Amino acid sequence: MTTTHVSSLRITAVKVLDQDEAIDFYCGKLGFEVRDDADLGFMRWLTIGLPGQEHPQLLLELPGGPQQDADTAAQLRDLLTKGALGGVFLTSDDVHATYRALRDAGVEITQEPVEQPYGTDFGLRDPFGNHIRISQLNGATDQEIERAYQEQASSGS
């Protein structure tokens, strides 16, 4: 293994179509806080994080900017609205209460809470198409989770 001296995940980017709408959703509905909001001229640097956690943060980033040309940015916008650009995985200490609060706030729920070998989770989408899963983990080990999925596969369920 190569020693790279990488020590932590600081920021990961989430593509959005409107940064103000993203603040409303991620901060107003999911409880994130704005960490940085700076106009760099060529882009708006907008990061958010969860209260009490310095890192990791999400960079709410528009397609385009310095990384992509106009054609690539248009393709990214199309993929984003189709939900094809990945997602975010969050945890909750009360997934059922979180589900009810987000459902009642009008968030697009894609899957109601379901029991999984690792705990209970549900799915939703942000206003742009990004998939989000929120889980309440049950403390199962990787081996227990793997065994449960193997048993499900062998029983045909």
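Note that the numbering runs from 1 along the sequence shown for the chain. Quick caveat, the model's predicted, so the values are computed rather than measured.
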Nearest heavy-atom pair of A13 and E61: which atoms, and what distance? CB-OE1, 3.4 Å
For G123 and R133, work out which heavy atoms get closest and say how close. CA-NH1, 3.6 Å
Tell me the closest heavy-atom pair linking P117 and N138, and the distance in Å. O-ND2, 3.1 Å
Less than 4.5 Å apart, side chain to side chain, heavy atoms only: is that true for Y26 and I132? yes
Within the side chain of S92, is there an N or O that forms a donor-acceptor pair under 3.5 Å with the backbone of D94? yes
Hey, any chance V88 and I23 share a hydrophobic cluster, counting ILVMFWY side chains that come within less than 4.5 Å of each other, even indirectly? yes
Measuring only between side-chain heavy atoms, which start at C-beta, is V16 closer than 4.5 Å to E21? no
Note, F32 side chain near L90 side chain (heavy atom, < 4.5 Å): yes
Heavy-atom distance under 4.5 Å between the side chains of Y99 and L124, does that happen here? no
Under the side chain to side chain contact (heavy atoms under 4.5 Å, CB included) criterion, do L62 and Q19 qualify, and how do the steps go? CA-CA 7 Å; L62 298 173; Q19 289 172 308; 3.8 Å; yes
Inter-residue atom distance Q68.CD - L76.CG, 0.5 Å rounding: 5.0 Å
Common cluster, F42/L59, ILVMFWY with side-chain heavy-atom separation under 4.5 Å: yes
Nearest non-hydrogen partners of L17 and F128, listed with the distance: N-CD2, 3.4 Å
Do you know which two heavy atoms are closest between V95 and Q136, and how far apart they sit? N-OE1, 2.9 Å
Closest non-hydrogen contact found for G49 with R35 is C-NH2, 3.4 Å
Which of these passes side chain to side chain contact (heavy atoms under 4.5 Å, CB included) with L58: L46, I48, I11? I48
Could you tell me the separation between the CD atom of E112 and the NE2 atom of H96, rounded to the nearest 0.5 Å? 11.0 Å
Say you draw a straight line from CG of D69 to CD of Q75; how long is it, rounded to the nearest 0.5 Å? 8.0 Å
From CZ (R77) to OG1 (T72), nearest 0.5 Å: 10.0 Å
Electrostatic pair D20-R44, nearest N-O below 4.0 angstrom: yes
Linking I/L/V/M/F/W/Y whenever any side-chain heavy atoms sit under 4.5 Å apart, do V14 and L79 land together? yes
Side chains of H55 and L9 in contact at under 4.5 Å (non-hydrogen atoms): no
Is it the case that atom CZ in R103 sees more than 12 heavy atoms from other parts of the structure closer than 6.0 Å? yes
Report whether V34 and W45 are members of the same hydrophobic cluster (ILVMFWY, side-chain heavy atoms less than 4.5 Å apart, transitive linking). no
Residue pair L30 / I134, side-chain heavy-atom distance below 4.5 Å: yes
Will you find, in the side chains of Y149 and Q116, an N or O donor that is under 3.5 Å from an N or O acceptor? yes
Should we say atom CD of Q53 is surrounded by more than 12 heavy atoms from elsewhere, each under 6.0 Å from it? yes
Tell me, do F122 and T98 make a side-chain contact under 4.5 Å, heavy atoms counted? yes
Is N130 reaching over with its side chain to a backbone N or O of L80, donor-acceptor style, under 3.5 angstrom? no
